[in-house]
Amino acid sequence: MRTLFLLIRRFRNLLLFLLLEVIAIVLIVQKKSIQGTDILSSSNAVAGYLYKKKSDITYYFGLKGVNEALVEENSRLRNEIALLTGVDTYQTVQALLPVYKTDSVKVVDTVATLQSEDGNVQYKYIGEKKVLRYNQFEYLPAVVINSSITNPNINYITINKGEKQGVRKGMPVVSTNGIVGRVANTTGNYATVVSVISSGGGDKGNNLLKIGVEINGSDEIAEWKTGSPNYMLVKDISMSSVVRAGDPVTTSSVSSLYPGHIPVGNVVRVDTVATNNTKTATVKLSTNFRTLRTVYVVMNDYEKERKELESTKEQ
Amino acid sequence: MSIYLRNILRFITIMFIQVFLLNDIHLQWLSSSWGLPPYSPFLYPLIILLLPLSTPTWAMLLLSFGTGLTVDIFMDTGGLHTAVCLFIAVVRNSVLTALLPQRLSDYPNLSPGVRNMGWIPFLTYAAVLILVHHICYYLIEIWSFRSFGYLLLKTFISFITSMVLVILYTLLFSQFSGGSNTLTE
C-alpha cells in the first residue's frame with residue numbers, strides 16, 4: 001500500500017496530465033455530435049451575457065449595412081405582396097362566409113349582395129366565422145451576437161432569442177438574404193445555430209449536413225464546400241437538366257427543414273463529372289456569414305403534424 | 001504589484017483581446033473559390049507562456065486547463081483548446097530548462113520575458129511552444145493525415161500570424177528599463 005502511494009506521488013504530474021487530457025477529449029467527442037452538451041457552449045449565461053454586451057457596442061458600426069439589407073428585403077417583400085393580389089400571407093386570414101337561403105341573393109366573388117325591397121343593394125354577412133387560410137410560417141427576428149466561420153466541421157452562430165421566446169431545437173434560421181442554418185441548443189434567452197457552412201464532421205470528406213434545394217425547377221441536394229465560407233456544392237445533377245452559371249438556387253419546397261423558395265445563392269460554375277456522368281454545380285451563397293447581423297427564426301406551425309404523419313408506419 | 005495580481009490581469013487582458021477582437025478576424029489569403037482556408041489568429045497561448053518560472057507542474061496543468069476551457073466556452077469548440085493547452089504546459093518547462101543557465105526553481109517571482117531573457121531566447125521559446133500549439137491544434141481539428149499539405153499550410157500561415165501578434169504584445173506590454181538581462185548573465 002505504501003509503495004502504491006509512493007508511486008502515485010512520484011507520477012502525480014503525469015497522472016494529472018492524463019486525467020485532464022481525458023476530460024478534454026471527452027468534451028471534444030461530445031461536441032462532434034450536433035446534439036452535444038449544452039453546458040460548455042457559448043449560449044450559456046456568462047458567455048452569452050458577455051457576447052451580448054459586445055454585440056451592443058459593435059452593433060452601431062454595422063447599422064449602415066443592416067439598413068441597406070432591410071431596404072432590399074422590404075422591396076422584395078413588397079413585390080411578393082403585389083404578386084399575391086393583396087392578401088397578407090403573414091397573418092391568419094379570417095372571413096365571414098355568407099350563407100343564404102333566399103332566392104334574391106346573388107353570390108359574386110364571395111361577397112353577397114342582397115336586393116332589398118326598395119331596390120337598394122345591401123351587403124350582408126350572416127354566416128359563421130371561418131378561417132380561410134392559415135399562415136404556416138412565423139418569422140421571429142433575432143440578432144446575431146457571436147458567429148464563427150473558420151471551423152472545418154461545424155460553425156456555430158449564437159443569437160439573442162431562446163426558449164422564452166419560443167425557439168426550439170431544430171428550427172430553421174434564415175437571414176434577409178438567404179438561408180443561415182438550424183437551431184442546435186437553446187437556453188432561456190439565447191440559442192446556438194449550426195450554420196449551413198458546416199459538414200457535421202463526417203469521415204472521408206462525407207458531408208452529414210445537407211439541404212434540399214431547387215435549381216430551375218428540379219430538386220437537388222446541396223452541401224457545404226468544406227473550407228470556404230462562401231460556397232456550396234450541388235452534386236449528382238443529371239446530365240439532362242439545364243444548369244448554367246448565374247442560375248438562382250432556392251430552397252426546395254419538398255424539404256421539411258426550410259420553407260420553400262428562400263434564396264440560397266447563385267450558380268457560379270458547373271463541372272461535368274465524367275466517372276458517373278453527372279454535373280456538379282458550385283453555388284455562391286447569398287448570405288454573407290462574415291457580416292451577419294439580423295436573422296429570422298422560422299417557426300413552422302405544421303411541423304409537428306407533418307413529422308407525425310411521416311413517421312407513421314404502414315398499417 | 002504582486003505576482004498573482006499581475007498574472008490575473010494578464011489573463012483578463014489577453015482573453016479579452018482573443019475573444020472580442022481576434023475571434024472576429026477571419027483571415028483569408030486569396031479570397032476565391034479555390035483559395036486558402038480561412039483561420040483566426042491565436043494570442044491566448046501567451047497566458048501560459050508568461051506564467052512565472054517557478055510555477056510547479058501541477059499548478060501549470062490546472063491553469064492551462066482553465067485557460068483552454070475558457071477559450072473553448074467562448075469559441076464553441078468542445079475541449080479542443082483545452083487538450084492543446086495541456087500539451088504546451090508539459091513542453092514548456094523542458095524548453096525553458098534548455099534555454100536558461102540555472103534551474104527554474106532558482107528564479108522566484110520572475111516571468112519569462114524579453115526584459116529577463118533577451119529577445120533571441122524569448123522568441124525561440126515562444127516560437128517552439130506556439131509551433132507545438134498550432135501543430136497539435138490543427139491536427140486535432142482536421143483529425144486526419146489525409147490532407148497533410150493542407151495541414152502544414154494552415155499551421156504555417158497561422159503560426160506566422162500568431163508570432164507577429166506575440167511580438168506586438170511584447171512590444172506593447174513590456175517595460176524596457178535599458179538594463180542588462182538579469183537571467184542569462
Side-chain angles (χ1 to χ4, degrees), chain A residues 12-32 36-37 39-44 46-47 50-51 53-54 57-58 146-158 184-185 192 201 203-205 225-231 268-269 282 284 289-290, chain B residues 15-16 19-21 23-28 30-42 56-66 68-87 89-90 93 138 140-144 146-147 150-151 154 158:
Chain A
R12 65 181 191 275
N13 286 333
L14 182 66
L15 288 173
L16 182 65
F17 170 72
L18 289 177
L19 176 75
L20 295 178
E21 198 68 52
V22 165
I23 295 175
I25 287 166
V26 167
L27 288 175
I28 295 175
V29 171
Q30 270 189 330
K31 198 74 192 181
K32 287 264 177 186
T37 167
I39 311 158
L40 293 180
S41 78
S42 69
S43 62
N44 75 26
V46 181
L50 286 175
Y51 272 135
K53 282 285 162 214
K54 173 197 156 198
I57 296 167
T58 53
N146 180 38
S147 74
S148 82
I149 61 167
T150 52
N151 198 306
N153 294 322
I154 297 171
N155 284 300
Y156 286 97
I157 293 167
T158 315
N185 286 321
T192 46
D203 292 331
K204 295 171 188 167
K225 179 174 161 9
T226 310
S228 169
N230 299 328
Y231 296 92
V268 287
R269 70 182 269 174
T282 308
K284 187 169 196 315
F289 285 90
R290 295 161 195 271
Chain B
M15 213 45 112
F16 185 86
V19 168
F20 292 123
L21 299 178
N23 282 4
D24 281 348
I25 300 173
H26 305 298
L27 289 170
Q28 191 178 20
L30 302 174
S31 178
S32 68
S33 173
W34 319 106
L36 293 173
Y39 65 97
S40 289
F42 296 127
T57 312
W58 61 270
M60 190 109 67
L61 285 170
L62 288 178
L63 288 171
S64 343
F65 187 76
L69 210 59
T70 315
V71 180
D72 276 332
I73 286 172
F74 277 104
M75 291 181 73
D76 273 318
T77 40
L80 194 51
H81 292 280
T82 316
V84 180
C85 275
L86 288 170
F87 276 117
V90 168
N93 276 3
Y138 287 116
I140 299 178
E141 189 186 71
I142 297 170
W143 200 245
S144 86
R146 201 165 49 86
S147 44
Y150 177 81
L151 175 77
K154 214 170 169 180
S158 168

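Note that the coordinates shown come from a computational prediction; the quantities given were computed from them, not determined experimentally. Letters A, B, ... are given to chains in the order of the sequence lines, protein chains preceding strands, and every chain is numbered from 1.
- When every heavy atom of A:Ala24 is checked against every heavy atom of B:Ala83, the shortest pair comes out as CB-N, 3.7 Å.
- What you find for A:Asn13 and B:Leu61 is that their closest heavy atoms are O-CD1, 3.5 Å.
- When heavy atoms are compared at a cutoff of 4.5 Å, A:Ile25 does not approach chain B at all.
- Atom CG of B:Leu62 is separated from atom CG of A:Leu16 by 5.0 Å, given to the nearest 0.5 angstrom.
- The OG1 atom of B:Thr82 sits 9.5 Å away from the CG atom of A:Leu20 when rounded to the nearest 0.5 Å.
- The most heavy-atom pairs under 4.5 Å with chain B, out of A:Leu14, A:Thr150, A:Asn151, A:Asn155, come from A:Thr150.
- Residues B:Met75 and A:Tyr156 fail the side-chain proximity criterion, which asks for heavy atoms closer than 4.5 Å.
- Looking at A:Thr58, neither its backbone nor its side chain comes within 4.5 Å of chain B, counting heavy atoms on both sides.
- We find the CG-CG distance between B:Leu69 and A:Leu27 to be 6.5 Å, quoted to the nearest 0.5 Å.
- At a 4.5 Å heavy-atom cutoff, the contact between B:Phe65 and chain A is made by side-chain atoms alone.
- Of all heavy-atom pairs between B:Gly79 and A:Ile28, the closest is C-CG1, 3.4 Å.
- Using modelled atom types, one side-chain atom of A:Tyr51 and one backbone atom of B:Phe74 make a donor-acceptor pair closer than 3.5 Å.
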Going through the checks in order, is the side-chain contact (heavy atoms from CB on, under 4.5 Å) test met by A:Phe17 and B:Phe87?
-> CA-CA 9 Å; A:Phe17 170 72; B:Phe87 276 117; 4.0 Å; yes
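- Atom OG in A:Ser148 sits 7.0 Å away from atom CG in B:Asp76 (nearest 0.5 Å).
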